[in-house]
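Note that the structure is a prediction, hence the values are computed from the model and not measured. All heavy atoms count here, side chains included; hydrogens, waters and symmetry mates do not.
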Amino acid sequence: MIDPETQAGWVPEADEVDDEEEMPLSLRLSIADTLTLGNATCGFMAVYFTTTGILIPHLTDSQESGMARNSAATAVILMLCAAVFDLFDGLVARKLRSSPMGAELDNLSDLISFGLAPAYFVLVYGMVADDAYQKVAAVGAVVVLLAVVLRLARFSCVTVPNGMFQGMPSPFGALTVVSIVLLELPFVATLLAILGTAWLMVSRVEYPKPRGRLAVAMLAWIVVSMGLLAAWAFDAPSGQLLLQTGCALQLVMGAVIPLFATARRVNNFRGNRREARAAQLP
């Protein structure tokens, strides 16, 4: 069609047609995005089992302790499954591709599985434990949630050295928080350990990213943790001891891993200084 005023060729609504053709591409989910949605689903179901299996029986004065134990184990296993999805969606995204929504989906899913779910677990613990103070536990739960929110926001804005995380990763932090609760320590010790974990998540302490052998080791540890939770849930012989041992190891790893990263950074710094001095010598 020819515009009578400009005598120039004119195609009606060409921009709108291009936009309509591009929009579906940005809304298509990749394989990595599907794994990320599995992460969010596991986090939501962890909240569901914590509510129906622990909180509601407590509020209705149900004496089915086995049901509460099974539901607590199921909720934590679902958080572990969410961590597996979170591990693999990054690997798949690097190998294949991720949609433009990938980063946003990942942050939102992590907020559900590693922010809301463990914070709610702490909140319910404060309501059902005999020696707990509900309002104080609620404060601890809010601190955990806000720590994950701040960590995820900072992760999106701050560039860190390749191969390292700044602060404890939120999946590792969430599993550490629930491990502290499952250890059944005195309330004050439990609360202090939870607050310490929240601080590590927003700190500048470096944690290595789970790649290569470290990713395999992390996956193996998740599988072992699932087995320990299953043994505890079904009241296997020494199941309680095995679970507490696994929870204690989770806490030890949370404290020891950054020490190795710090030691490596110090050694690299010293090595760079030696090289600089050697370069200055005639």
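Note on residues 75-86: no pairs pass side-chain hydrogen bond (donor to acceptor under 3.5 Å, both in side chains), not counting sequence neighbours. Among residues at least two apart or in separate chains, there is no ring-ring contact (aromatic ring centres under 6.0 Å, His included) pair with a member in residues 73-99. Sorted by first and then second residue, the pairs that involve residues 231-244 and meet side-chain hydrogen bond (donor to acceptor under 3.5 Å, both in side chains), not counting sequence neighbours, are Trp232-Gln240. Within the structure, side-chain hydrogen bond (donor to acceptor under 3.5 Å, both in side chains) contacts touching residues 136-150 (residues at least two apart or in different chains) do not occur. Sorted by first and then second residue, the pairs that involve residues 100-128 and meet side-chain hydrogen bond (donor to acceptor under 3.5 Å, both in side chains), not counting sequence neighbours, are Asn39-Asp110, Asn39-Ser113, Thr51-Tyr120, Asn107-Ser156. Sorted pairs that involve residues 90-112 and meet ring-ring contact (aromatic ring centres under 6.0 Å, His included), not counting sequence neighbours, are lacking altogether.
Grouped by direct or indirect side-chain proximity (heavy atoms under 4.5 Å, Ile/Leu/Val/Met/Phe/Trp/Tyr only), Val142 sits with Leu146. Apart from Leu150 itself, the hydrophobic cluster it occupies contains Val202, where clustering links Ile, Leu, Val, Met, Phe, Trp and Tyr at side-chain heavy-atom distances under 4.5 Å. The hydrophobic cluster analysis finds Ile56 isolated: no Ile, Leu, Val, Met, Phe, Trp or Tyr side chain comes under 4.5 Å of it, directly or through other members. With a 4.5 Å cut-off between side-chain heavy atoms of Ile, Leu, Val, Met, Phe, Trp and Tyr, the cluster of Leu78 takes in Phe44, Met45, Tyr48, Phe49.
For Pro57 against Thr52, the heavy-atom pair with the smallest separation is CD-O, 3.3 Å. Of all heavy-atom pairs spanning Leu200 and Gly254, the tightest one is CD1-O, 4.3 Å. Minimum interatomic distance between Arg69 and Ala233 (heavy atoms only, all atoms of both residues): NE-O, 3.6 Å. Considering all non-hydrogen atoms of both residues, Met79 and Ala46 come closest at CG-CB, 4.1 Å. The two residues Ile112 and Ala40 come nearest to each other via the heavy atoms CG2-O, 3.9 Å. Minimum heavy-atom separation, Leu87 to Ala215: CD2-O, 4.0 Å.
Contact of the Leu116 side chain with the Leu111 side chain is not registered, since no non-hydrogen atoms from C-beta on lie closer than 4.5 Å. The shortest side-chain heavy-atom distance between Ile54 and His58 does not fall under the 4.5 Å cut-off.
In this structure, the separation between CE on Met218 and NZ on Lys209 is 13.5 Å, given to the nearest 0.5 Å. Taken to the nearest 0.5 Å, the CD1 atom of Ile77 stands 11.0 Å off from the SG atom of Cys42. Atoms CZ and CZ, from Phe165 and Arg154 in turn, are 11.5 Å apart once rounded to the nearest 0.5 Å.
A continuous path of hydrophobic side-chain contacts links Val136 to Val122 [ILVMFWY only; heavy atoms under 4.5 Å]. Trp199 and Met253 end up in the same hydrophobic cluster when Ile, Leu, Val, Met, Phe, Trp and Tyr side chains are linked at under 4.5 Å. Taken together through direct or relayed side-chain contacts under 4.5 Å among Ile, Leu, Val, Met, Phe, Trp and Tyr, Val76 and Phe114 form parts of separate hydrophobic clusters. Linking ILVMFWY side-chain heavy atoms closer than 4.5 Å, directly or via other members, places Leu219 and Leu229 in a single hydrophobic cluster. Under the 4.5 Å side-chain heavy-atom criterion for grouping Ile, Leu, Val, Met, Phe, Trp and Tyr, Trp221 is connected to Leu242 within one hydrophobic cluster.
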What side-chain donor-acceptor pairs closer than 3.5 Å can you find for residues 168-196, not counting sequence neighbours?
from, atom 1, to, atom 2, distance (Å)
Thr176, OG1, Phe172, O, 2.7
Thr176, OG1, Gln250, NE2, 3.2
Ser179, OG, Leu175, O, 2.7
Thr190, OG1, Leu185, O, 3.2
Thr190, OG1, Pro186, O, 3.1

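Between the side chain of Arg151 and the backbone N or O of Gln166 there is at least one donor-acceptor pair closer than 3.5 Å.
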query: Where do Leu37 and Leu105 land on the side-chain contact (heavy atoms from CB on, under 4.5 Å) test, with the steps shown first?
result: CA-CA 8 Å; Leu37 293 178; Leu105 286 175; 4.3 Å; yes
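Residues passing the side-chain hydrogen bond (donor to acceptor under 3.5 Å, both in side chains) test with Ser30 are Asp33, sequence neighbours excluded.
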